There are 2 protein chains.
Amino acid sequence: MTTNAAPPTSGTDRFLAAELAGEASFLIARARSRGSALANDRLAPLGLRVRSYSVLSLACSGLRPTQRELAEFLSLDPSQIVALVDALEKDGQVQRIPDPSDRRSKLIEATPSGAALYARARALTCEAEDVSLGGLSATEKTEFLELLNKAAFPIG
Amino acid sequence: MTTNAAPPTSGTDRFLAAELAGEASFLIARARSRGSALANDRLAPLGLRVRSYSVLSLACSGLRPTQRELAEFLSLDPSQIVALVDALEKDGQVQRIPDPSDRRSKLIEATPSGAALYARARALTCEAEDVSLGGLSATEKTEFLELLNKAAFPIG
DNA sequence: TATTGTTATACTCTATAACTATA
DNA sequence: TATAGTTATAGAGTATAACAATA
């Protein structure tokens, strides 16, 4: 053991002492930036990105969401949902089903191809998550998910 | 008390049962989307956004970061830092100081005007954070920040 | 040869408003 | 009058590659 055994710091650790490092909005933004970049890399071979994956995931849930519900739950604008569903539908992964009870609405449901694609994509995003949250223990991950849920879905 | 006293659900709560709602990447993306939108609204009157605010914050830290250090710590590309520093410098909030020890590098430091602006901006982002994390208790917030830190800064 | 800051380019994401068809 | 989906557009964010100055 020598005196110059450097700790595995990244060079900018001194900024952890800055006020910014204590702000949730910054930490969340950084975690998202890194996490989604990693997830996008993993999903790229499947022709998906995190946003299209989230739409596909709900389309596979069996809950038959309307586009409006997708927009609300994903915190995306309805016009963005149009583009995402368009791409997935053009690719044969989901289909728009007219809502029998309201002809304005369209229910989004995955095709068999979409379900198969989702199974593969889900495995990849879980892998990416394991990497992203590699610094957390199993119990910490559980606690983190609970707190994240409260932060992502305030009030109701 | 009546039988139709509806709980304060938002209409898409049934999707909380979907697999997606258990994925950290989705929850982080949603929390960031909502949180940064709120923070951007608050910062707008000051001519700042969350990204320029984060640069200004580190410029005010007294740690005299180089642009490269800003890029690494903020998880932004060096070319993005150029644009952010350009705008702040043009506005008189920060200045580029030649690094005496390396003429390639430029140290980013806030001007007095920038420091005053940061003080106001910091109050606004803290307000926004209180709103965003309103569903968390004080102890939960502390725990959340610790876990967020591990998620935002893996390994080192 | 490698690194810092810079410029340029293309693509993705976000925000807004207007339109249509239904309710 | 209000809502679901759609279209269009502009601005913000992200990713890459190349370049000059310096190490």
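Everything quoted here is computed from the prediction, not taken from an experiment. In what follows, every chain begins at residue 1, and chains take the letters A, B, ... in the order their sequences are listed.
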Subject >> base_contact_polar (C:dT22 base, A:Arg103 side chain, donor-acceptor, <3.5 Å) >> reply: no
Original post:
Within the structure shown, what part of the strands sits under 4.0 Å from B:Asp102 by heavy-atom distance: base, sugar-phosphate, or nothing?
Top reply: sugar-phosphate
Original post:
Rounded to the nearest Å, what distance is computed from the NZ atom of residue B:Lys106 to the P atom of nucleotide D:dA21?
Top reply: 12 Å
Original post:
B:Arg49 side chain N/O closer than 4.0 Å to the phosphate oxygens (OP1, OP2) of D:dA12?
Top reply: no
Original post:
Are A:Leu107 and A:Leu56 connected in a single hydrophobic cluster, I mean Ile/Leu/Val/Met/Phe/Trp/Tyr linked by side-chain heavy atoms less than 4.5 Å apart?
Top reply: no
Subject >> Sidechain N-carboxylate O distance under 4.0 Å for B:Asp99, B:Arg68 >> reply: no
Original post:
For B:Leu76, which contact category applies under a 4.0 Å heavy-atom criterion: base, sugar-phosphate, or nothing?
Top reply: sugar-phosphate
Subject >> Test side chain to side chain contact (heavy atoms under 4.5 Å, CB included) applied to B:Glu143 and A:Glu143, A:Glu146, A:Glu140, the passing residue >> reply: A:Glu143
Original post:
How would you label the contact of B:Arg32 with the nucleic acid (heavy atoms, under 4.0 Å): base, sugar-phosphate, or nothing?
Top reply: sugar-phosphate
Original post:
Mapping A:Gln67 and A:Asp41 to their closest nucleotides on DNA chain D, which lands nearer the 5' end?
Top reply: A:Gln67
**OP:** Please work out if B:Arg68 contacts a base, only the sugar-phosphate, or nothing of the nucleic acid, heavy-atom cut-off 4.0 Å.
**Re:** base
**OP:** Scan A:Ser105 against the nucleic acid and name what it touches under 4.0 Å (heavy atoms): base, sugar-phosphate only, or nothing.
**Re:** sugar-phosphate
Original post:
So what does A:Thr66 touch, heavy atoms closer than 4.0 Å: a base, only the sugar-phosphate, or nothing?
Top reply: sugar-phosphate
Original post:
Quick one: are B:Arg30 and B:Phe26 in side-chain contact, heavy atoms under 4.5 Å?
Top reply: yes
